[in-house]
Amino acid sequence: MTENMNSDRFILIHYHEIGLKGKNRGRFERRLMTNINRALKGLPRGNVRRLSGRMMLALTSDSPTEMICERLATVFGIANFSEAIGVDREIEAIRETAWALAQKADFASFKIVTKRGDKTFPLNSEQINRDVGRHIQTLSGARVQMDAPDLTCFIEIAPQRIFVYAEKIPAPGGLPVGSSERAVSLISSGIDSPVASYKLMKRGVTLTYVHFHSQPYTNRNSQRNTEDLVRLLNRHQFASDLYLVPFVEIQRSIMTHAPASYRVILYRRAMLRIAEAIAKKVDAKALVTGENVGQVASQTLSNLRAIEDVTTLPILRPLAGDNKEEIIREARRIGTYDISIEPYEDCCSVFVPKHPETHANLEKVRAIESELDLAPLIKQTLTQTERKTFKL
Ligand code: ATP
Ligand code: MG
């Protein structure tokens, strides 16, 4: 690793939200730094340093810049980042570097935006803007334009170094994974639950995944697709556990003993009981589902209530109010959509009734369930549950 300050190629990393965390700020920044290092594992580069409200990654001559940028764009907590040139503390050097960057762009209008974090620099931001602006204007013939110019050249005056860059690459923002405790995410191989998982990770939550399958009644596709989804989502978390729960015995028992219209609600209640047991084991503080109000019969408010009756953990449903096309757009953007639409037989689609209850009565649900004696089956299912670990 090279010493940062001697290098002149950097990635400057900006974050918004963790800057607002008051006395927790140091903890959030350390977590973000750890996550950046994990995301960049194996790639040649200098180290990451904190630098008053931002982070700086020194690049080395063998750094694969494109790949580094690709990986940084997946790290929650980063708002945006830029490839920046480090220059000496002289206005001539700033001018020359700004012009060198500008020459790479095709532009008819531009502006200079200077942030002076180091007030000891002899020129103030306005003076730097004017000086560098004039230089570029003279050499390029382009006009200065404040509102939506073709090119924006950013200059940041930090105590240690001055950075010049022309492009901000957007990143997902949010909070670094690991800063908001753990939740258990119920993940199917469908479209919704991977998006729900992504949204909670973006809020800093560490996830443990649980998937219910009906083998040998269904083929292995749902399990394989789910594993592919977890592998993809693990880009953001670096290490994830997936619990694979054999659900057939419980389904069989519910199918044989409960009225058809209540089956789905009873399956879901059993799923939540198992998820809660796993949550207890891994010290998770909440459950996550991809449920969405009104999308399918089990997702009326009455039914959601009848389902969540079995757990005292908060159930986070980040998609509750989204429209299907919004969820699909998000799934496409985060890369889960193509895996989710691969053909599979869901554990529940195989065993769903034609006319499910849409307004379940909670007392009735409890009464039906109490006839079933599911507790021993749930216990047995937990012992047959397999855990798979995914590492980046
Ligand atoms: P998804 O697109 O996530 O499959 P969905 O629209 O198919 O959701 P449901 O089948 O009612 O809706 O499932 C609601 C939620 O219950 C899912 O988002 C997921 O969190 C959980 N869930 C459903 N099936 C499974 C499963 N086989 N394993 C784990 N969780 C599941
Ligand atoms: Mg589904």
Side-chain angles (χ1 to χ4, degrees), residues 183-200 207-215 217-227 229-230 233 241-248 250-251 254 263-279 284 286-304 306-308 310-311 313-328 330-332 334 336-353 356-358 360 381 385-386 388:
V184 164
S185 181
L186 285 82
I187 189 164
S188 70
S189 51
I191 294 169
D192 300 341
S193 37
V195 177
S197 302
Y198 177 93
K199 287 182 95 168
L200 265 302
L207 296 180
T208 296
Y209 298 94
V210 177
H211 176 69
F212 300 87
H213 65 81
S214 308
Q215 279 162 44
Y217 288 89
T218 55
N219 57 32
R220 281 183 56 85
N221 285 355
S222 87
Q223 189 172 320
R224 216 172 19 234
N225 291 356
T226 304
E227 286 175 29
L229 286 166
V230 171
L233 291 167
D241 283 341
L242 166 65
Y243 287 80
L244 294 160
V245 184
F247 204 52
V248 157
I250 289 171
Q251 283 176 300
I254 291 171
R263 274 180 208 159
V264 175
I265 290 169
L266 295 169
Y267 298 155
R268 294 273 185 253
R269 282 168 67 98
M271 284 183 180
L272 287 191
R273 285 201 162 91
I274 290 169
E276 186 178 61
I278 293 170
L287 305 177
V288 180
T289 75
E291 285 161 324
N292 175 258
V293 175
Q295 195 184 85
V296 292
S298 59
Q299 296 172 4
T300 63
L301 296 185
S302 299
N303 288 3
L304 289 176
I307 292 165
E308 76 171 23
V310 298
T311 177
L313 288 173
I315 300 182
L316 305 175
R317 301 180 177 94
L319 308 185
D322 289 350
N323 298 332
K324 192 72 194 186
E325 69 266 21
E326 293 171 318
I327 301 171
I328 289 176
E330 187 68 351
R332 284 218 168 93
I334 68 174
T336 54
Y337 184 77
D338 287 340
I339 305 173
S340 291
I341 58 167
E342 277 181 29
Y344 66 97
E345 296 166 294
D346 192 44
C347 70
C348 291
S349 58
V350 182
F351 297 97
V352 276
E357 178 57 59
T358 52
T381 299
T385 292
E386 181 196 349
K388 276 202 170 171

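Residue numbers start at 1 and run along the sequence shown. All ligand and atom numbering here is 1-based and tracks the order in the structure.
Remark: the backbone N or O of Ser340 is not paired with any side-chain donor or acceptor of Ser189 at under 3.5 angstrom. At least one donor-acceptor pair closer than 3.5 Å links the side chain of Thr311 to the backbone N or O of Leu313. Between the side chain of Gln299 and the backbone N or O of Glu291, no donor-acceptor pair lies under 3.5 Å.
Counting atoms of ligand 1 from 1 in the listed order, those under 4.0 Å from a heavy atom of Ile191 are 2 (O). The contact set between ligand 1 and Glu291, taken as ligand atoms under 4.0 Å from a residue heavy atom, comprises 14 (C), 15 (C), 18 (O). For ligand 1, the atoms closer than 4.0 angstrom to any heavy atom of Thr289 are 20 (O). Atoms of ligand 1 found under 4.0 Å from any heavy atom of Gly190 (numbered from 1 in listed order, with element): 2 (O), 4 (O).
Polar contact with ligand 1: present for Arg268 (N/O pair, distance under 3.5 Å). For a threshold of 3.5 Å applied to N or O pairs, the pair formed by Met271 and ligand 1 contains no separation below that value. The shortest N/O to N/O separation between Gly290 and ligand 1 falls below 3.5 Å. Distances between N or O atoms of Pro194 and those of ligand 1 include no value under 3.5 Å. Residue Ser193 has at least one N or O atom closer than 3.5 Å to an N or O atom of ligand 1. Taking any N or O of Val288, backbone or side chain, none lies under 3.5 Å from an N or O belonging to ligand 1.
Side chain to side chain, Ser193 and Ser188 meet the donor-acceptor criterion of an N or O pair below 3.5 Å.
At a 4.0 Å heavy-atom cut-off, ligand 1 touches Val210 through the backbone alone. Within the 4.0 Å heavy-atom criterion, the part of Ile187 lying near ligand 1 is the backbone and not the side chain.
Taking a 4.0 Å cut-off on heavy atoms, His213 fails to register as neighbouring ligand 1.
Two residues are said to be in side-chain contact when any heavy atoms from C-beta on lie closer than 4.5 Å; Thr289 and Met271 fail this criterion.
Looking at Asn292, Leu186, Leu244, Asp192, it is Asp192 that brings a heavy atom closest to atom 2 (O) of ligand 1.
The side-chain hydrogen bond (donor to acceptor under 3.5 Å, both in side chains) test applied to Asp241 returns Thr389, not counting sequence neighbours. By the salt bridge (Lys or Arg N to Asp or Glu O under 4.0 Å) test, Arg269 pairs with Asp309, Glu369, sequence neighbours left out.
Of the residues listed (Phe247, Tyr267, Tyr243), the one engaging Phe212 in a ring-ring contact (aromatic ring centres under 6.0 Å, His included) is Phe247, and it is the only one. Screening Leu233, Leu244, Val288 for a side chain to side chain contact (heavy atoms under 4.5 Å, CB included) with Tyr209, the sole residue that qualifies is Leu233.
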